[in-house]
Every structure is written in structure tokens, then in C-alpha cells.
There are 2 protein chains.
Amino acid sequence: MTNPSEILVIDDERQIRKLLEITLQSNGYAFAEASTSRDGLVAAATKPPDLIILDLGLPDENGQTTLKKLREWCGRPVIILSVYNNEENIVHALDSGANDYLIKPFRTGELLARIRSALRTNSTKGESPVLHCKGFEIDLLSRTVRKNNEMVRLTSTQYELLALFAKNVGKVLTHHYILREIWGQDFTDQLQYLRVFIAQLRKKIEVDPNRPEYLVTESGVGYRFVA
Amino acid sequence: MTNPSEILVIDDERQIRKLLEITLQSNGYAFAEASTSRDGLVAAATKPPDLIILDLGLPDENGQTTLKKLREWCGRPVIILSVYNNEENIVHALDSGANDYLIKPFRTGELLARIRSALRTNSTKGESPVLHCKGFEIDLLSRTVRKNNEMVRLTSTQYELLALFAKNVGKVLTHHYILREIWGQDFTDQLQYLRVFIAQLRKKIEVDPNRPEYLVTESGVGYRFVA
DNA sequence: TATATTTTTTATAATAATATAACAATGACC
DNA sequence: GGTCATTGTTATATTATTATAAAAAATATA
């Protein structure tokens with residue numbers, strides 16, 4: 001038989017965690033827990049679970065922010081548990097990448113069914129918060145980049161750009177797309193920004209910036225990160 | 001990519017269908033509808049939508065049964081809309097393959113967010129559209145061309161041209177048609193452009209450019225890509 | 001506030017892709 | 001074979017695109 005799906009519960013209420021531990025384990029799931037946003041992110045990164053149950057009302061950080069940070073590198077299904085029943089919160093959470101949103105107090109049977117549903121659709125997609133390609137190691141959690149185990153110091157925008165490429169290895173990313181992703185909708189015609197930052201990145205990651213082997217130009221279309 | 005996602009609404013209440021039609025269309029979705037289980041299944045089969053919204057209280061058949069029949073062949077996300085708020089119905093529907101379950105009356109903003117969420121998870125399983133013909137592999141998403149697993153570097157126009165041929169394997173494409181597709185309406189008489197680029201392509205993809213086996217000339221008419 | 005860092009602008013050099021013309025090759029037809 | 005219409009090839013001018021440096025502005029840091 002296959003080993004059980006692991007579910008990470010991030011919630012600050014001890015009772016909820018205990019309740020979920022019993023419920024989940026008696027239904028054949030492996031259980032992991034965290035009581036703060038920070039611990040939750042670390043737990044998700046160090047031992048990637050198959051599904052995450054996230055409370056919106058965490059003590060150290062807004063749950064929506066946690067969700068967004070998580071979604072930068074983690075594609076596993078996330079079910080939100082929250083006392084907030086207002087539409088704004090629900091829409092925001094779902095648009096930040098949540099797969100489902102349940103109001104507390106919840107019915108355990110319904111939660112289990114929603115867990116099964118989420119695991120069903122998103123079943124085969126193991127990933128890690130660290131992207132490896134060629135000699136590169138891009139840690140999406142700590143936002144650091146290593147090339148052949150040596151740290152590469154990048155500015156915020158340079159990092160965003162490289163991470164975007166690393167998530168789309170081999171594909172041509174159009175100027176328009178890159179500008180929208182990094183700078184936003186209003187900057188899609190600022191092609192020059194992109195050129196400058198591509199040059200900066202090349203200077204930092206290419207052996208010979210004049211003859212790029214990673215960040216390749218696709219003239220008239222965009223750029224491509226080759227593997 | 002650019003054409004709107006189509007959503008099929010299966011509900012017997014005319015007002016709900018009308019409401020959803022307006023809501024969905026004003027949010028950029030294509031709308032299709034059915035008022036009975038039977039019609040819904042036929043509609044889903046004849047013109048597969050990207051997502052299905054299914055009411056559980058249909059006149060001709062139990063919604064749960066409809067869902068099961070649908071799931072026998074259809075993998076697209078299904079969101080249940082129902083007046084039943086009891087756990088048994090919810091669990092049953094989710095276990096029958098529904099992706100989400102919303103209670104009527106519902107908040108349109110929330111429904112739209114749940115639609116986005118459902119479409120997101122099911123669309124990122126991105127099988128990139130790759131054209132295969134003979135030893136060729138043309139990946140339309142990443143704009144890459146491989147011949148016998150070796151990358152072929154093409155300029156923008158060369159790629160567009162080859163992709164056009166690959167999408168129409170075996171068909172004769174007239175000079176006029178090709179020029180209009182690649183260069184635009186104003187260039188349909190620039191036959192010479194085409195000759196030059198055909199020559200360039202042949203140099204890159206043919207074994208013997210003098211005796212083309214892929215890009216064949218149809219004298220007086222145009223060119224054909226043979227498979 | 002001073003200082004360093006990063007991003008945005010501007011200017012210009014370098015490169016690549018395309019358009020165009022001139023000529024060569026092919027094949028149909030007489 | 002010779003003529004004509006069509007197609008293929010190559011070289012080069014033109015245009016478009018990209019790279020890079022360096023200054024100015026904005027932002028963060030001490």
C-alpha cells in the first residue's frame with residue numbers, strides 16, 4: 001500500500017490542532033503541526049506535506065500574507081480554516097491561491113470530504129522550495145541563489161526575475177509577460193527596464209556575459225532560461 | 001490561452017441561470033446552460049466546457065447520480081450549487097467527484113473566486129501543446145523546435161513559418177495565405193519574402209536542402225509540409 | 001541627515017533580423 | 001535545344017532590436 005498522505009495543520013489554537021490530530025490520524029493521514037506562520041512555513045519547506053490546512057488568524061502574521069509567501073514556491077493544496085465569514089476574506093484567500101475555504105466551527109465530516117477532494121485533484125505534484133537547474137540552486141523560501149554552491153548576491157528585482165525564469169525553464173517568456181509578472185500591468189511597455197536587468201543578471205550568473213549560456217535572447221520575442 | 005473559459009450551468013431554475021449568465025459573461029466567461037440532468041450531460045459531452053456548475057435539485061434525476069455519470073468520463077472541475085446544507089449531501093457530492101460545494105443562496109463574488117480557484121488548479125497541469133510530425137517536435141508554448149531531439153535555432157519569422165506549416169501538415173498552403181498569416185494583409189504580394197525564408201528553413205531542417213522532403217514546393221500554388 | 005544601494009532614465013554602441021536586388025537553377029512547352 | 005515562367009540562392013543594405021555604460025532619481029540604511 002502507499003504511505004499515507006501527510007497533512008500540515010497551521011493553527012494557533014491548541015484545541016483545534018488536537019481535534020484535527022485525532023480526526024486526521026484516525027482517518028489514515030499523517031499529521032504535522034505548527035502554531036505560528038513562521039513555523040508553518042519552515043515546516044512546509046523542510047518536510048513538504050501533501051496538503052496544508054491554514055488558519056487565517058495566526059498570532060505572528062496575517063494568514064493571507066502567509067498564504068502568499070507559501071504560494072511563491074508551494075503548489076500543494078491549501079484549505080483555509082477561518083472564523084471570518086465575510087465575502088472579502090473568502091475571495092481574497094481564494095485569489096491568493098487557497099483551494100478551499102471553510103468557516104469555523106466546521107463539520108469534521110465535511111472537512112474530511114474536502115480534504116479528499118483537494119488531494120484527488122492535486123494528487124501528483126511533488127515539489128520543493130528549492131529549484132535546481134544546472135549549477136543553480138534557487139531557494140524560494142529564503143530568496144537566495146547559489147551557483148555551484150557559491151552565494152550570488154542579487155537585488156530584489158534581480159531575484160524575482162531569475163526566479164521567474166527558473167520556474168519556467170526552457171520556455172520563452174515574452175517581454176510583455178515578464179514585465180507584467182515583475183513590474184505589473186502598467187509597465188508592459190517598459191522594455192528597457194528588462195534589458196537593463198537582464199544585463200545585470202548576466203553579469204552575475206554567466207561565465208561570459210557576452211556569450212550567455214543560461215539567459216538566452218530570443219530576438220523579437222523575449223528571453224529563455226535554458227537547462 | 002486567450003479565448004475565454006466556457007462554463008456550463010446545469011440548473012432548473014430559470015432565474016438562477018439568468019443570474020449566472022449575466023454574472024459569468026460580464027466576468028469574461030463563455031456561458032452555456034441546461035435545465036435538466038439529461039440535457040446537461042449531452043451538453044457536456046457535445047461541447048466540453050472548462051468548468052461545470054451543477055445544481056443538486058434537478059427535476060429529472062438526482063443530482064448526485066448526474067455527477068457520478070459525468071465523472072465517468074469528464075475530468076473538468078465541477079462546482080455544486082445546492083439548497084441542501086446538511087453534511088451528508090455535501091460529503092456525498094464531494095466524494096462523488098465534485099470539486100466544491102456552495103450553499104444557495106450564494107454570494108456571487110465568492111462563487112467567482114471559487115470558479116477561479118477551480119480553473120487554476122485544473123489548468124496548471126499544463127500539457128504544453130506539442131506538435132509531433134516525423135522527427136519534429138514543435139512546442140508551441142515554449143517556442144522550441146527539435147529535430148530528432150536536437151534543438152533547432154530559428155529566428156522569430158522562421159519559427160512562425162514552421163509552426164504554421166506544422167499546424168497544417170499535409171495541406172497545401174498558398175503563397176497568398178502564408179504571406180497573410182505571417183506578414184499580414186499588406187504583404188500578400190511579396191512572394192519573394194516567402195521564397196527567401198523557405199530557403200532559410202530548408203537549410204536548417206532538411207537533410208539535403210536541394211531535395212526537400214519536408215517543405216515541398218507546389219509549383220504555382222504554394223508549399224506543403226509533408227508527414 | 002548623510003550614505004549606500006537600488007531602480008529608472010538616457011544615450012549610444014553592438015548585434016541580429018529582415019527586406020531587397022541580382023542572378024542562378026529548374027522545369028514546362030514548343 | 002531554346003524560350004519563358006517560376007522557383008531557389010546568395011549577398012548586401014536597411015531596419016529593428018538588443019546590450020551596455022553611466023547619470024539621475026528614488027529608496028533604503030545607518
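Numbers restart at 1 for each chain; the letters A, B, ... are given by sequence-line order, proteins then strands. It should be emphasised that the depicted structure is a prediction, and the values quoted were computed from it without experimental measurement.
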Does a side-chain N or O of Ser156(A) approach OP1 or OP2 of dT6(C) to a distance below 4.0 Å, or not? no

Check this one for me: any side-chain N or O of His175(B) less than 4.0 Å away from OP1 or OP2 of dT6(D)? no

Would you indicate whether the side-chain heavy atoms of Ile80(A) and Ile53(A) approach each other to under 4.5 Å? no

Contact between Arg146(B) and His132(B) at the side-chain level, heavy atoms closer than 4.5 Å - yes or no? no

Residues in contact with DNA chain C, drawn from residues 195-224 of chain A - heavy-atom cutoff 4.0 Å: Val196(A), Phe197(A), Ser219(A)

Near DNA chain C, under 4.0 Å by heavy atom, which residues of residues 181-192 of chain B? Trp183(B), Gln190(B), Gln192(B)

In whole Å, I'd like the distance from the [atom1] atom of [X] to the [atom2] atom of [N].
{"X": "Leu194(B)", "N": "dG8(D)", "atom1": "CG", "atom2": "C1'", "answer": "12 Å"}
{"X": "Tyr193(B)", "N": "dT15(D)", "atom1": "OH", "atom2": "C1'", "answer": "11 Å"}
{"X": "Leu179(A)", "N": "dT8(C)", "atom1": "CG", "atom2": "C1'", "answer": "13 Å"}

Hey, are Asp60(A) and Arg38(A) close enough for a salt bridge, meaning a charged N less than 4.0 Å from a carboxylate O? no

Close aromatic pair by centroid cut-off 6.0 Å: Phe165(B) and Tyr214(B): no

Please work out whether the ring planes of Phe187(A) and Tyr193(A) are parallel, tilted or perpendicular, with thresholds of 30° and 60°. tilted

Backbone N or O of Ala98(B) within a donor-acceptor pair of the Ser117(A) side chain at under 3.5 Å? yes

Any donor-acceptor pair under 3.5 Å linking the side-chain atoms of Asn148(B) with those of Glu137(B)? no

Crowded around Arg107(B) CZ? As in, over 12 foreign heavy atoms under 6.0 Å? yes

